[in-house]
Amino acid sequence: MGNRYNFKEIERKWQKYWAEESQYKVYEDPEREKYYLLEMFPYPSGKLHMGHVRNYSIGDVVARFKRMNGLNVLHPMGWDAFGLPAENAAIKHGTPPSKWTWQNINSMREQLKSMGFSYDWDREVATCHPDYYRWTQWLFLQLYHNGLAYKSKSAVNWCPSCNTVLANEQVVNEGCERCGTAVIKRDLEQWMFRITKYADRLLQDLELLPGWPEKVKTMQSNWIGRSEGVEIKFTAETGDPIPVFTTRHDTVFGVTYMVLAPEHPLVEKVTRGTEYEKPVRDFLEKMRRTDETQRTAEDIEKEGMFTGAYAVNPLTGERIPIWIANYVLMEYGTGAVMAVPAHDQRDLEFARKYGLPVRVVVQPDGEDLDPNTMTEAFPGDGTAVNSGQFSGLPTPEAKEKMADFIEENGLGGRKVNYRLRDWLISRQRYWGAPIPIIYCDQCGAVPVPEEDLPVYLPEDVEFKPTGESPLKYNEEFLHTECPECGGPAQRETDTMDTFVCSSWYFLRYTSPYETGTAVNKEKSDYWMNVDQYIGGVEHAILHLMYARFFTKALKDIGLISANEPFQNLLTQGMVLKDGAKMSKSKGNVVSPEEIIEEFGADTARLFILFAAPPDRDLEWNDQAVEGCYRFLNRVWRLVTGQEELVKGCSSTDDPVIGTSRDKELNRLLHHTVKRVTNDVSDRFNFNTAISGIMEFVNGIYDYIENVDQDARNIPLLKQAFQVLLKLLAPFTPHIAEELWERICGKPGVHLQSWPTYDPEALVVDTITLAVQVNGKVRDHVEVSVNASQDEIQEQVLALDRVRELVGSKKVVKVIVVPQKLVNVVIK
RNA sequence: GCGGCAGUGGCGGAAUUGGCAGACGCGCUAGGUUCAGGACCUAGUGGGCAUUGCGCUCGUGGAGGUUCAAGUCCUCUCUGCCGCACCA
């Protein structure tokens, strides 16, 4: 091999070597401190994109760094392999989803390997493999037996284009998260996970996660949407109870009407046989139609209709009309609200539109609301008025007293409501883990016995052009025996939401070959929690909430000990080109393959880590990529240029420092170690870590250029080169290993201990202080590092420049900031 | 509307605890050196004014304030991005 930086040859060589040496294989070792580093596993779409490269490059730096710091690092990789694209490809090209998926996995695995990521490939999992989904099914059964999985008929979100139901979380702007098609409501019987049982803990335990971004915690907390209030029992004149949930029970004296959601079961009952029956039915029909199309409109007009019925306010005994309106949601609270137009903007708009009365029951301090003219509701705190014995109380107190009153008199009670819904996991799709349930005419829904798992997904299937699941027509799959009575029975043909599969994969990595259970408890106890999780912020709610739910549920069932899955979370920014996210439709995609081909994996990694801090968006810049390539060439020339001089890595003695040049280089060396260590370990600021290494390289060049060959301190240079390669190792592993082999005679830079710095070496004799006059820098002064404040002050005041500026003015005071500057204040 | 984040040269970004704004890199300019080929080396590079000097001055979205000292703290305000959005 010549002396040029031949990245292609080098990268291939070391990837092969590391694999042969099994350098990244790990075992549980109670003697050693563990570190579980995890990046979100990819969907095997076929090709790695820059987002993956960024995610996994960040992770690999941390993994390699922690390893060099002596930790036992678990760094696994796998495939989130079930999902719709495989089926779409099957319908389009006739390739079976399984074949398509495994081909993609194989080619993406090769691409990951060509980046030099240090995964323990022996722990690889794929959620579509029977050895994996068998345990997904098994976990479903555990949830089922513990009352956390149930079947229920309800109005669900249906995507007519994907031919499946969607979880609440997968509905974005009233459309399908995947294809954007407007979602419609259908009444279906579906399998659900009782995540609402964990609502409070999911919310509370966010406090146990100081290592998560505030943004993600806020999003989860908003999604859970906890609100404290009171449920009050209103009663219709028909005798039917109409409970309402409110957070403003202190305004109950201001209720002038009530509103039911259009889907509320009482609507039909109270209108049946009355003159209102037909108009209400027409209205509901109209609502249902707009529901499907127009719900995305920004400010849809509040619309409603009187039902002809009345209810009684249990606190006042007042008779109030019952309306229906589009702004009341059946899914939240009780599907009915008490309307207080003076203190709720929606109620006020509605009241004004339909001429309903407005009554003020809270007066703000120093104001006097007029119910006849007010155009904006007053939702704030004030003093209760027109509220019987509660009048005169400030809002917080009124809330307490009235809640007590309501409870004492049996009119209702305090209640906590959540926005979070149970997790609907049934999917009417083929390419997913079959739900292990059998339907028997005699016995009903019967869980598949654990010993019969897995319920295999048949792989030779034919797709209907309609996109309907082939499982429905697969006789062999469909027909079975009832495990209870042995009679003929049918299998559930729905599969599980792929988010179920990804809600526990981090546990499987801890014991991927375990055959007796989903997770080996001893091993997961050693490895869990994940110390650092890295991935895109787009999973802030769905995946991260589901994984937290699973962890808590499995802990309660006794399968694991962890309460939270991910101790620290880093959400990386997007990779942009020309200011926009890379996408095929915009034509601004840069493929990782091209970059690896042109500049090598080390350059790709270096650029992506150098161009921006990991949590920020990163703008792709071809020229800056070349800049990184030039830097690696510069490193290459530096080390190979001195190769003969600095050969040999056996001596561990510190070099003897003689000249001031030596001292300078030595100080830079220790300074760089300190800086890079801090940047990588505390802050994950790889961009500044790399700039530190660049300065170090510049410093070594300076030394070589300014010191004659025979005057160079060879032990010092040796140390400098070794430290440089160790610092580079986590970022650009291949070139670091190649150059290490060249100067040390054998490979192994990644097995070295991370360098430490000597605080002594950082100490200098003199330091340069900035000299300010009235806060502006006017001069610099060199002072002894031991100089006292008085000595420094004296020295500064004696400076020509300072004396000139002071002139006849008076020195008011002199501020000396040690190590930094001196400010002379004059007047 | 509510919540979160951000705004610094031509560009990506530094400034970790209030202490020299612009590290490092890209780009650009000039010079050198090879042109064996994605070069390399040296010097310069925020604006304006001076450039026979070493200096002066303005400058971190905007306006105020606190301080000897503010990108950093406080008040108000503008802009952009992201998330949620009839949740009673």
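Every chain is numbered from 1 and lettered A, B, ... according to where its sequence line falls, protein lines coming before strand lines. Only a predicted model underlies this, so the values are computations on that prediction, with no experimental measurement involved.
In terms of phosphate contacts, A/Arg4 brings no side-chain nitrogen or oxygen within less than 4.0 Å of OP1 or OP2 of B/rG38. Side-chain nitrogen and oxygen atoms of A/Arg637 include at least one within less than 4.0 Å of the OP1 or OP2 phosphate oxygen of B/rC41. Considering only side-chain N and O atoms, A/Lys776 lies under 4.0 angstrom from the phosphate OP1 or OP2 of B/rC58. Residue A/Arg630 places no side-chain N or O under 4.0 Å from the OP1 or OP2 atom of B/rC24.
For A/Glu705, the listed nucleotide lying nearest its side chain is B/rC41; candidates were B/rC86, B/rC82, B/rC41. Considering only side-chain atoms of A/Thr247, the nucleotide from B/rA85, B/rA88, B/rG25 that sits closest is B/rA88. In this structure, the nucleotide among B/rG19, B/rG4, B/rC20 sitting nearest to the side chain of A/Thr218 is B/rG4. Comparing atom distances between the A/Asn698 side chain and each of B/rA88, B/rC20, B/rG25 picks out B/rG25 as nearest. Among B/rC82, B/rC40, B/rG38, the nucleotide with an atom closest to any side-chain atom of A/Phe599 is B/rG38.
Put simply, CZ on A/Arg419 is 10 Å from P on B/rA88, counting in whole angstrom units. Atoms CZ (A/Phe696) and P (B/rA23) sit 21 Å apart, rounded to a whole Å. Atom-to-atom, OH of A/Tyr332 to P of B/rA85 comes out at 13 Å; the value is rounded to the nearest Å. Rounded to a whole Å, the CG atom of A/Asp779 is 11 Å from the C1' atom of B/rC54. A straight line from CG of A/Asp615 to C1' of B/rC82 spans 14 Å, rounded to a whole angstrom. Atom CE of A/Met694 is separated from atom P of B/rA14 by 14 Å (rounded to the nearest Å). At whole-Å resolution of the value, CZ in A/Phe245 and C1' in B/rC87 are 9 Å apart. Counting to the nearest Å, the P atom of B/rG83 and the CG atom of A/Asn222 are 14 Å from each other.
A/Tyr5 and A/Thr603 share no side-chain donor-acceptor pair at under 3.5 Å. Counting only N and O atoms by type, the side chains of A/Asp422 and A/Thr196 include a donor and acceptor under 3.5 Å apart. A donor atom on one side chain and an acceptor atom on the other are found under 3.5 Å apart for A/Arg548 and A/Gln220. A/Asn706 and A/Tyr701 share no side-chain donor-acceptor pair at under 3.5 Å. No hydrogens or angles considered: a donor-acceptor pair under 3.5 Å links the side chains of A/Asn698 and A/Arg634.
Residue order along RNA chain B, read from the 5' end via each residue's closest nucleotide, puts A/Gln623 first among A/Gln623 and A/Ser227.
Atom P of B/rA88 sits at a distance of 29 Å from the matching atom of B/rA6, rounded to the whole Å. Only the C1' atoms considered, B/rA21 is 11 Å distant from B/rG9, to the nearest whole Å. Annotation: B/rA69 and B/rU79 have their P atoms spaced 32 Å apart (nearest Å). Nucleotides B/rG19 and B/rC35 place their C1' atoms 50 Å apart, quoted to the nearest Å. The same atom, C1', is picked in B/rC73 and in B/rU60; the two are 16 Å apart, to the nearest Å. Across B/rG62 and B/rG13, the matching C1' atoms stand 23 Å from one another, rounded to whole Å. Comparing the C1' positions of B/rG38 and B/rA50 gives a spacing of 42 Å, expressed to the nearest Å. Atom name P, nucleotides B/rC20 and B/rA15: the rounded distance is 13 Å, in whole Å.
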request  = Start with the C-alpha distance between A/Glu207 and A/Lys217, add both sets of side-chain angles, then the distance that settles salt bridge (Lys or Arg N to Asp or Glu O under 4.0 Å), and finish with yes or no.
outcome  = CA-CA 9 Å; A/Glu207 282 169 27; A/Lys217 286 192 280 188; over 6 Å; no
request  = Apply salt bridge (Lys or Arg N to Asp or Glu O under 4.0 Å) to A/Arg226 and A/Asp200, showing your working.
outcome  = CA-CA 8 Å; A/Arg226 182 182 201 273; A/Asp200 237 343; 3.1 Å; yes
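Taking the six-membered ring for Trp and the full ring otherwise, A/Phe610 and A/Phe686 have centroids separated by 6.0 Å or more.
Nucleic acid contact class of A/Asn417 (heavy atoms, under 4.0 Å, all strands): none. Note on A/Gln772: a base of the nucleic acid sits closer than 4.0 angstrom, heavy atoms only. When heavy atoms are screened at a 4.0 angstrom cut-off, A/Pro613 is found touching the sugar-phosphate backbone but no base atom. Here A/Gly333 lies out of heavy-atom contact (under 4.0 Å) with every strand. No engagement by A/Arg226 is indicated, since no non-hydrogen atom pair under 4.0 Å with the nucleic acid exists. Residue-level contact check: A/Arg421 touches neither bases nor backbone, having no heavy atom under 4.0 Å from any strand.
With a cut-off of 3.5 Å on both Watson-Crick or G-U wobble distances, the partner of B/rU52 is given as none. With a cut-off of 3.5 Å on both Watson-Crick or G-U wobble distances, the partner of B/rU16 is given as none. Taking a pair to require two hydrogen-bonding distances under 3.5 Å in either a Watson-Crick or a G-U wobble arrangement, B/rG1 pairs with B/rC84. Pair check for B/rU45 finds B/rG27; Watson-Crick or G-U wobble, both atom distances under 3.5 Å. A 3.5 Å limit on both hydrogen-bonding distances identifies B/rG65 as the Watson-Crick or G-U partner of B/rC73.
Looking only at side-chain heavy atoms (C-beta outward), A/Val255 and A/Ile320 come within less than 4.5 Å of each other.
The glycosidic torsion of B/rG9 lies within 90° of 0, which places this base in the syn conformation.
For residues 818-827 of chain A, proximity to RNA chain B is found at A/Lys820, A/Leu821, A/Asn823, A/Val825, defined as any non-hydrogen atom under 4.0 angstrom from a strand atom.
A donor-acceptor contact under 3.5 Å links the side chain of A/Glu598 to the base of B/rG38.
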What protein N or O atoms touch nucleotides 7-12 of chain B N or O atoms at under 3.5 angstrom, if any, and at what distances?
from, atom 1, to, atom 2, distance (Å)
B/rG12, O2', A/Ala611, O, 2.5

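Salt-bridge check for A/Arg352 with A/Glu349: failed, with every basic side-chain N at 4.0 Å or more from each acidic carboxylate O. A salt bridge is defined here as a Lys NZ or Arg NE, NH1 or NH2 lying under 4.0 Å from an Asp or Glu carboxylate O, and A/Arg675 with A/Glu695 meets this definition. The existence of a salt bridge linking A/Glu303 and A/Lys286 is confirmed by a sub-4.0 Å separation between a basic side-chain nitrogen and an acidic carboxylate oxygen.
Shortest non-hydrogen contact noted between A/Asp617 and A/Met574 is OD1-N, 2.8 Å.
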